[in-house]
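A quick write-up on the structure given underneath.
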Amino acid sequence: MTTYRTVSVNGLDIFYREAGSPDAPTILLLHGFPTSSHMFRNLIPALADRFHLVAPDYPGFGNSSMPMVTEFDYTFDRLAQVMENFIEAIGLKRYSLYVMDYGAPIGYRIAVRYPQRVEALIVQNGNAYEEGLREFWEPLKAYWQNRTPENADKLRQLLTLDATKWQYTHGVKNLESISPDNWNIDQPLLDRPGNQDIQLALFYSYGSNPPLYPQWQEYFRQYQPPTLVVWGENDPIFPSQGAYPYKRDLPNLEFHLLDTGHFALEEEGEAIASYIKRFLETHK
């Protein structure tokens, strides 16, 4: 059974989903944009018979606190710090990291700081290589270089209902397999007063991630964490060109490209759960 909990971290209410025995191996599930732990709603019960699952919502996302940009520094450094403190608050000692989209720069910051705690990596459309930042990222790169209102306005289209729906539906095999609950849950949260400013701050802060790629890659090379790549191949945001370079630094990884889009769990959740079970059982 999945439980729905909230813990106080740095004065913020951090919501998280939890299932499985705390005595079982833990998987910490780190969500992407513009969603929340809701993206793991089906994966969690599929794995809870063998694993302890924990899926938090970041500040400004899902059911966690949403301080305004004047009250909280919405950067990836800060989100990673809050997640570190969340891990401490609920007493996790060792865990596998499932990283997707925004979860990758948050999770890799934590992994670099605490490599001894990370038992394995599960990478689903989460970037750590320059090769993965292609055409989609050009307007964001312009914003990183010149944080003007004009460049910000060009990014506001990414916060619309059409854009949220596109993230869930582009590149999928069967549109009828994708629940509209996804965008009907995510979009009202994006539309909360002040949330656009939060997302624009994080769009800008994403520019702090590529300079850290060499550090993350060195972590891969030095520690060789057992790594499972399960990547939606038809994703224009994090295309498969960003998946292949993991093989350079992690020669023993398990690698699967799936014929679906950005939110691969929506269409390939059963396959991903099966891959995770087999992979983590092999790497106990």
Side-chain angles (χ1 to χ4, degrees), residues 16-32 37 39-40 42-56 80 83-84 86-88 90-129 132 212-213 215-232 238 240 242-258 264-265 268-284:
Y16 64 106
R17 299 165 195 252
E18 186 172 19
S21 169
D23 296 328
T26 296
I27 307 175
L28 180 62
L29 304 156
L30 297 178
H31 68 79
S37 60
M39 69 169 279
F40 299 115
N42 296 321
L43 184 66
I44 289 171
L47 297 176
D49 60 330
R50 302 192 198 179
F51 302 101
H52 175 220
L53 291 306
V54 176
M83 287 298 102
E84 284 181 24
F86 166 79
I87 290 166
E88 296 285 344
I90 66 168
L92 298 184
K93 303 302 182 187
R94 288 176 62 78
Y95 41 81
S96 297
L97 281 173
Y98 186 119
V99 298
M100 185 269 173
D101 191 324
Y102 278 12
I106 292 169
Y108 292 152
R109 278 171 169 81
I110 295 169
V112 165
R113 282 175 53 82
Y114 303 102
Q116 70 283 358
R117 299 182 183 178
V118 179
E119 296 180 316
L121 297 175
I122 303 159
V123 183
Q124 188 248 298
N125 300 71
N127 199 53
Y129 295 88
L212 296 179
Y213 288 174
Q215 185 184 83
W216 303 346
Q217 294 157 19
E218 177 57 31
Y219 158 74
F220 300 152
R221 288 191 295 270
Q222 180 179 350
Y223 291 95
Q224 292 294 307
T227 299
L228 170 67
V229 171
V230 280
W231 200 287
F238 292 113
S240 59
Y244 287 102
Y246 281 95
K247 294 183 176 184
R248 288 202 302 260
D249 297 318
L250 295 160
N252 297 318
L253 91 173
E254 184 178 328
F255 189 89
H256 301 277
L257 293 181
L258 307 170
L265 284 171
E268 294 289 350
E270 289 184 10
I272 291 172
S274 178
Y275 287 137
I276 290 171
K277 286 180 180 179
R278 188 171 67 240
F279 176 78
L280 292 182
E281 289 291 336
T282 303
H283 292 89
K284 281 183 178 179

Minimum heavy-atom distance [X]-[Y], with the two atoms named:
X: His31; Y: Pro56; answer: CD2-O, 3.2 Å
X: Pro251; Y: Gln224; answer: CD-OE1, 3.4 Å
X: Phe279; Y: Ala120; answer: CE2-CB, 4.1 Å
X: Pro225; Y: Leu121; answer: CG-CD1, 3.7 Å
X: Tyr244; Y: Ser240; answer: CD1-O, 3.1 Å
X: Ala273; Y: Leu47; answer: O-CD2, 3.7 Å

* Asked: How far apart are the C-alpha atoms of Lys277 and Asp49, what are their side-chain angles, what is the distance that settles it, and do they pass the side-chain contact (heavy atoms from CB on, under 4.5 Å) test?
  -> CA-CA 10 Å; Lys277 286 180 180 179; Asp49 60 330; 4.1 Å; yes
What distance separates [X] [atom1] from [Y] [atom2], expressed to the nearest 0.5 Å?
X: Glu119; Y: Arg94; atom1: CD; atom2: CZ; value: 4.5 Å
X: Ile272; Y: Leu265; atom1: CD1; atom2: CG; value: 4.5 Å
X: Ile122; Y: Ile27; atom1: CD1; atom2: CD1; value: 4.5 Å
X: Thr282; Y: Glu254; atom1: OG1; atom2: CD; value: 7.5 Å
X: Leu53; Y: Leu43; atom1: CG; atom2: CG; value: 6.5 Å
X: Leu30; Y: Asp101; atom1: CG; atom2: CG; value: 11.5 Å

* Asked: When the ring planes of His256 and Tyr275 are compared, do they come out parallel, tilted or perpendicular, using 30° and 60° as the limits?
  ->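 Because their plane-to-plane angle is under 30°, the rings of His256 and Tyr275 count as parallel.
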Between the main-chain N or O of [Y] and the side-chain N or O of [X], is there a donor-acceptor pair closer than 3.5 Å?
X: Gln217; Y: Ala128; answer: yes
X: Glu88; Y: Met83; answer: no
X: Asn127; Y: Phe238; answer: no

* Asked: Any chance the rings of Tyr108 and Phe220 have centres within less than 6.0 Å?
  ->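 Judged by ring-centre distance (under 6.0 Å), Tyr108 and Phe220 do meet the cut-off.
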* Asked: Could you give all pairs that pass the side-chain hydrogen bond (donor to acceptor under 3.5 Å, both in side chains) test and reach residues 20-29, with sequence neighbours left out?
  ->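 Listed by first then second residue: Thr26-His52.
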* To do: Could you walk me through whether Glu270 and Ser274 pass side-chain contact (heavy atoms from CB on, under 4.5 Å), step by step?
  => CA-CA 6 Å; Glu270 289 184 10; Ser274 178; over 6 Å; no
* Can Val118 and Tyr223 be said to form a side-chain contact (heavy atoms from CB on, under 4.5 Å), step by step? -> CA-CA 10 Å; Val118 179; Tyr223 291 95; over 6 Å; no
* Asked: Does a side-chain N-to-carboxylate-O contact under 4.0 Å join Glu218 and Arg221?
  ->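 Yes, charged N to carboxylate O under 4.0 Å.
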* To do: Before giving the answer on side-chain contact (heavy atoms from CB on, under 4.5 Å), spell out for Ile87 and Tyr95 the whole-Å C-alpha distance, their side-chain angles and the decisive distance to 0.1 Å.
  => CA-CA 10 Å; Ile87 290 166; Tyr95 41 81; 3.9 Å; yes
* To do: Please examine the side chains of Ser96 and Leu280, heavy atoms only from C-beta on, and report whether any two atoms are closer than 4.5 Å.
  =>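 Sidechains of Ser96 and Leu280: in contact.
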* **Non-neighbouring partners of Tyr219 that pass side-chain hydrogen bond (donor to acceptor under 3.5 Å, both in side chains), sequence neighbours left out** =>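 Tyr219: no side-chain hydrogen bond (donor to acceptor under 3.5 Å, both in side chains) contacts found.
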